[in-house]
Each structure stands twice: as C-alpha cells, then as structure tokens.
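Quantities reported herein were computed from a predicted structural model and do not represent experimental measurements. Every chain is numbered from 1, with letters handed out A, B, ... down the list of sequences. Quick note: numbers below take in every heavy atom, side chains included, and nothing from hydrogens, waters or symmetry partners.
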2 protein chains.
Amino acid sequence: MQIDSIDIAQTASAAGIIYEALKKAIIEGQLADGAPLRQDEIARMFNTSRIPVREALTMLEQQGLVVTQRYKGAVVAGISPDEAGEIWDFRALVEGRVIEAAVPRMSPETLRRARCHLEAFSRATDPVEWGDLNRRFHTVLYHDSGLAYHLGIIEKTLDRVDRYLRAQLALSNGLARANAEHEGILRACETGDAPRAGMLTRQHILGAKANLLENLARR
Amino acid sequence: MQIDSIDIAQTASAAGIIYEALKKAIIEGQLADGAPLRQDEIARMFNTSRIPVREALTMLEQQGLVVTQRYKGAVVAGISPDEAGEIWDFRALVEGRVIEAAVPRMSPETLRRARCHLEAFSRATDPVEWGDLNRRFHTVLYHDSGLAYHLGIIEKTLDRVDRYLRAQLALSNGLARANAEHEGILRACETGDAPRAGMLTRQHILGAKANLLENLARR
DNA sequence: TTCTTGCATATTGTATCCAATATTCGATAT
DNA sequence: ATATCGAATATTGGATACAATATGCAAGAA
C-alpha cells in the first residue's frame, strides 16, 4: 500500500534551501548587481558547511543569476542595457506564442484565477506584492498551453530579469499602465481570441521594453 | 603590463573537465537515456574525489541533461515524444527568428564558413561528424545576429536534443534531405533574403520534427 | 509460497581539513 | 612621492572522513 499524502516535501536538502533563499534574494533585488557572495559567510548564515553553499552557487551560475570566477568567487550577475533589450524581445516572441497556444485550452478556473490576481494587483500597495502578482498573472495564463519546455524557459528568463520588472512597475505610471494592459489581455483570453491575446502580450512586453531602455539610458 | 595571449585557458577546473566530458558523452548518445551516473565511479575515472563530480552533475541537472533524486543518484534524462515535439516547435520559433535577424548582418566570412561546413557535411562518412557539422552549420548562421541570450538558449536546447538529431540524420534519406535543405537556407542567406531564410529554417526544423515523431511512434 | 521485517551493503549528502590561488599591505629602491 | 616586490592574509578548489538514506537479501510468520 502507498500513502500519498505523507511522502511530500522530502526534497529539502541544505543545498536546495540555500539555493531557493539566494534565488529569492536576487530575484527580489535584495542583493544588488555585482554584490559578492562569499561562501563561508553564507555557510554561517545557514549553519552549514561551505559544501551545500557551493552547490547552490553552481546552480545559480547555470541559471545566469550569478557569475563566478575561479579562485575569485561569485557575484550577482548584472544585465547590460543591450542584454535587457534582447531579453524583452525574446520574451515577446516566446510568451506571445505560448499564450496563443494556451487560449484555446484555457479552463474557466484559470480565467477565474487570473482575474483574481489582476484584482489583487490593482489593490496591492506593497512593491514586492506588485511584482509577485504581476508575474503570477502572466504565468497562470501561460500554464494551460501545456508547453512544459516553453514554460520552463519562460520561468528562467523571468527569474533573470524580475528585478528590472519590479523596478519598472514601481515607476510613475507603471502600475496603471500594466493594469490596463493586463485587463485587455485577460479580456482576449476570456473571449477565446488567441491571436489578439498574443498580439496584446507582445505589445505589453515590447512597451515595457521601451520604457525600460528609456529609464536605463536616463541613468 | 598585461600579456593577453597567455592568460587564456586557465579555466580548467576538475569540475569543468568532468562536466564537459559527461556533457559530450550524453550529447553524442554514448550514455543512453536512464543510464545511472554513480559519483564514485566517475570520480575514479577522472582520478578525483566525488566533490567535483557532484558539481558537474549539478550543472548537468540544471541544463536538463540529467535527473537527480535525493539519496538515489543521477540518471541521463530521457525525452518523451511529447517533449520532443514541443522542443522542435520551440526551435522553429526561436531559430527562425534568429536567422532572420542574422541575415542582414551576415559577414562574407560567415557565409564562407557555412559553405565550408556544408560541403564537409556532404562528404563526411562518420555519423559523429555528421552531427557535429550539421550543428556547426546552423549555429554559424545564427552567430552574426549578435543575440547572445537567444544564442545561449539555442545552444542549451540543441544540447538537450542533439542525440535525437544525430539519430535522425543517420536514418534512410536523412542526410540527402538535410543537405538539400541546408543548401536552400544558405542560398537565402547569400542573397540577403532574411524572410526566406527564416521560412526555410522553420520548414527544415518542422520537417525534421515530423520525421522524428514518425520514427518515435514506430518503435 | 508469499509477505513482512531486520540487518548488511551501497550510495548520496555534508562536515572538516588541506592545497592552490588571489588580494592586501608594508618594505624597499628609484 | 611613487612604483615594485614579497610576505601575510583571505578566499576558493578539492580530498578525506563521517552521517543520512536507499537497496538488496535472508530469515521468519501467515
């Protein structure tokens, strides 16, 4: 006999815990670009040896979230304006395609959840919550595509640039604009208009790209 | 003073060497799907401890080339037919876009190199060489796009499925067909017809997908 | 027989220790 | 004063040793 409801969450290795914590800190921008990640310092923070820390850093490096130099250590990976622009183009390409594939398969439950996130988004006041809800709104809409590989790539790409997304949202009219565009995308999903959902998603992302580059140039 | 031509290739850590070797073995299909990767066995093969082996396995897992279960070890990651089909769709989407971006920026040197690979491909007799030249032909054509992030994703995706590409090439008319289609793509690049290069690339990839799924179904 | 139960073995996860390299800072020469 | 060199320190890479978990097998009970 097997008991399903118990053998969950046995997957908590020290390395995994450290990885998740560091990833969260980088994604949310708590660790600035270029900040050094010293192995024994992190090991002390988690009461472990450096071994699981090194494993976590290896994972983060593969994801492009940190950059390591041999015998010199790891730092949080930054993003150049060129790279940022390119990544937003990539997002428009892939996320546009994925939402087109998702719309015809989208369940009422998914639509309900998306609207829930959208409303919570418009009510939220905490910048961290803005970022979380914005991201969840989008990924929920992509989910029903069933395109696991695409979804994985999208997640990794968002991890890579989430900091900048959050910073954009916090700017002047970032919130209002995002809200209006989200509303349009969700409407298209609700009416089953896949091409329109794709087009609006691409516009949404490329508009954000233009905004971002403008702000990066200003600094 | 700094001497540039010397401080190259200082990047040979044990973990890196093991990683590259395992990756090559997986990509070329020398390690079958599901084959277990025992830490101390690999460590003995490379005359190291298990520490750098673990680092290599962690990297491979992040790339999706192996799957690890806690306290049970790593095995070479397989691909389901569904996944395979999806990945070929992804390739058509991204590689089509990238070659469109590359054509207007493509240097004569690049075109020369591509033709060189194509000719070597048509002359080659070794299956391993087919795979290598096929891949190099494509990635050379993508390079001048300058889209570093896209290129990185493409490389990782090809790493993930290269085994199946090679198997396809070795089949009945795989070689002749690939050769003809490559010729068409290169011609479009040479004449600077970016949309045509993009279309032919998408066709090339989606045709290979159909072939692949057919063969997977037959087994 | 067939299923459980406990132990022995194998394998992975982590801690501790040593080696290799980088960085800092002071001494010295120009 | 400035630049250069070298030792002291800090930090990472890897090896060895130990702990935690899984697997296989043998013995016994239903």
Side-chain angles (χ1 to χ4, degrees), chain A residues 1-4 6-23 25-26 31-32 34-77, chain B residues 1-4 6-23 25-26 31-32 34-77:
Chain A
M1 186 181 67
Q2 289 220 357
I3 299 180
D4 284 12
I6 291 201
D7 59 7
I8 314 173
Q10 293 290 9
T11 55
S13 68
I17 293 170
I18 296 171
Y19 165 70
E20 292 294 341
L22 289 178
K23 188 167 94 168
I26 293 174
L31 287 166
L37 301 170
R38 295 280 152 66
Q39 294 176 6
D40 56 357
E41 182 184 345
I42 297 168
R44 274 196 302 274
M45 287 169 49
F46 289 90
N47 278 313
T48 69
S49 75
R50 281 164 43 220
I51 298 288
V53 175
R54 291 176 49 176
E55 191 169 327
L57 291 175
T58 299
M59 292 193 268
L60 292 169
E61 172 157 42
Q62 288 296 313
Q63 306 243 343
L65 292 176
V66 311
V67 173
T68 300
Q69 276 185 296
R70 190 164 151 80
Y71 292 117
K72 293 181 76 175
V75 300
V76 177
Chain B
M1 186 180 67
Q2 289 221 354
I3 299 179
D4 283 13
I6 291 202
D7 58 10
I8 313 173
Q10 293 290 8
T11 54
S13 67
I17 292 170
I18 297 170
Y19 165 70
E20 292 295 341
L22 290 178
K23 187 167 94 169
I26 294 174
L31 287 166
L37 301 170
R38 294 280 151 68
Q39 293 177 5
D40 55 357
E41 182 184 345
I42 297 168
R44 273 195 303 273
M45 287 170 48
F46 289 90
N47 278 313
T48 68
S49 74
R50 281 164 44 220
I51 298 288
V53 175
R54 290 174 56 89
E55 190 170 330
L57 291 176
T58 300
M59 292 193 269
L60 291 169
E61 172 157 42
Q62 289 296 313
Q63 304 240 345
L65 292 176
V66 311
V67 174
T68 301
Q69 276 185 295
R70 188 164 151 82
Y71 291 118
K72 292 181 77 175
V75 299
V76 177

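- Checking D:dG14, C:dT16, C:dT11 against every side-chain atom of B:Arg38, the shortest atom distance belongs to C:dT11.
- Contact annotation: the side chain of A:Ile51 approaches that of B:Ile51 to within less than 4.5 Å [non-hydrogen atoms, C-beta and beyond].
- Closest heavy-atom contact between B:Leu65 and B:Ile26: O-CD1, 4.1 Å.
- At whole-Å resolution of the value, CG in B:Leu57 and P in C:dT11 are 14 Å apart.
- For B:Arg54 and D:dG14, a side-chain-to-base donor-acceptor distance below 3.5 Å is absent, hydrogens and geometry of angles not being considered.
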Below 3.5 Å is the cut-off: list the nitrogen or oxygen pairs between protein and nucleotides 23-25 of chain C, distance only.
residue	atom	partner	partner atom	Å
C:dT23	OP1	A:Lys72	NZ	3.2

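- At least one side-chain heavy atom of A:Lys23 sits under 4.5 Å from a side-chain heavy atom of A:Glu20.
- Taking five base pairs at each end of the helix from C:dT1-D:dA30 to C:dT30-D:dA1 and finding the rotation axis that steps the C1' atoms of four pairs onto the next four gives two axes whose angle is 10°, to the nearest 10°.
- Computed from coordinates, the B:Ile18 CD1 to D:dA15 C1' distance equals 13 Å when rounded to whole Å.
- At least one side-chain heavy atom of A:Leu57 sits less than 4.5 Å from a side-chain heavy atom of A:Leu22.
- Residues in residues 41-53 of chain A take part in these side-chain hydrogen bond (donor to acceptor under 3.5 Å, both in side chains) pairs, two or more places apart or across chains: A:Gln39-A:Arg50.
- A:Arg44 places its CZ atom 16 Å from the C1' atom of C:dT16, with the value rounded to the nearest Å.
- Atom CD of B:Glu55 is separated from atom P of D:dT12 by 13 Å (rounded to the nearest Å).
- Every residue two or more places apart in sequence or in another chain that forms a side chain to side chain contact (heavy atoms under 4.5 Å, CB included) with A:Glu61 is listed here: A:Val66, A:Thr68.
- Taking only side-chain atoms of A:Ser13, from C-beta outward, the nucleotide of C:dT14, D:dG13, D:dG14 with the closest atom is C:dT14.
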Look for any protein N or O under 3.5 Å of an N or O in nucleotides 17-19 of chain D and output each such pair with its distance, or none.
none

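- Residues passing the side chain to side chain contact (heavy atoms under 4.5 Å, CB included) test with A:Ala35 are A:Val76, sequence neighbours excluded.
- DNA chain D is contacted by both B:Thr48 and A:Asp40; A:Asp40 maps to the nucleotide lying nearer its 5′ end (nearest heavy atom per residue).
- If you measure from atom CD of B:Gln69 to atom C1' of D:dA22, you get 11 Å, rounded to the nearest angstrom.
- The CD atom of A:Glu41 sits 14 Å away from the P atom of D:dA10 (whole-angstrom rounding).
- When every heavy atom of B:Phe46 is checked against every heavy atom of B:Ala21, the shortest pair comes out as CZ-CB, 3.7 Å.
- Smallest separation of non-hydrogen atoms from A:Ala12 and B:Arg70: O-NH2, 4.0 Å.
- Protein atom CD of B:Gln39 is 12 Å distant from nucleotide atom C1' of C:dT14, rounded to whole Å.
- Among all heavy-atom pairs drawn from B:Ala56 and B:Ile18, the shortest one is CB-CG2, 3.7 Å.
- Put simply, CZ on A:Arg70 is 10 Å from C1' on D:dG14, counting in whole angstrom units.
- Scanning both residues, B:Glu55 and B:Ala15, for their nearest heavy atoms gives CD-CB, 3.6 Å.
- Residues A:Ala77 and A:Val67 share a closest heavy-atom pair of CB-CG2, 3.7 Å.
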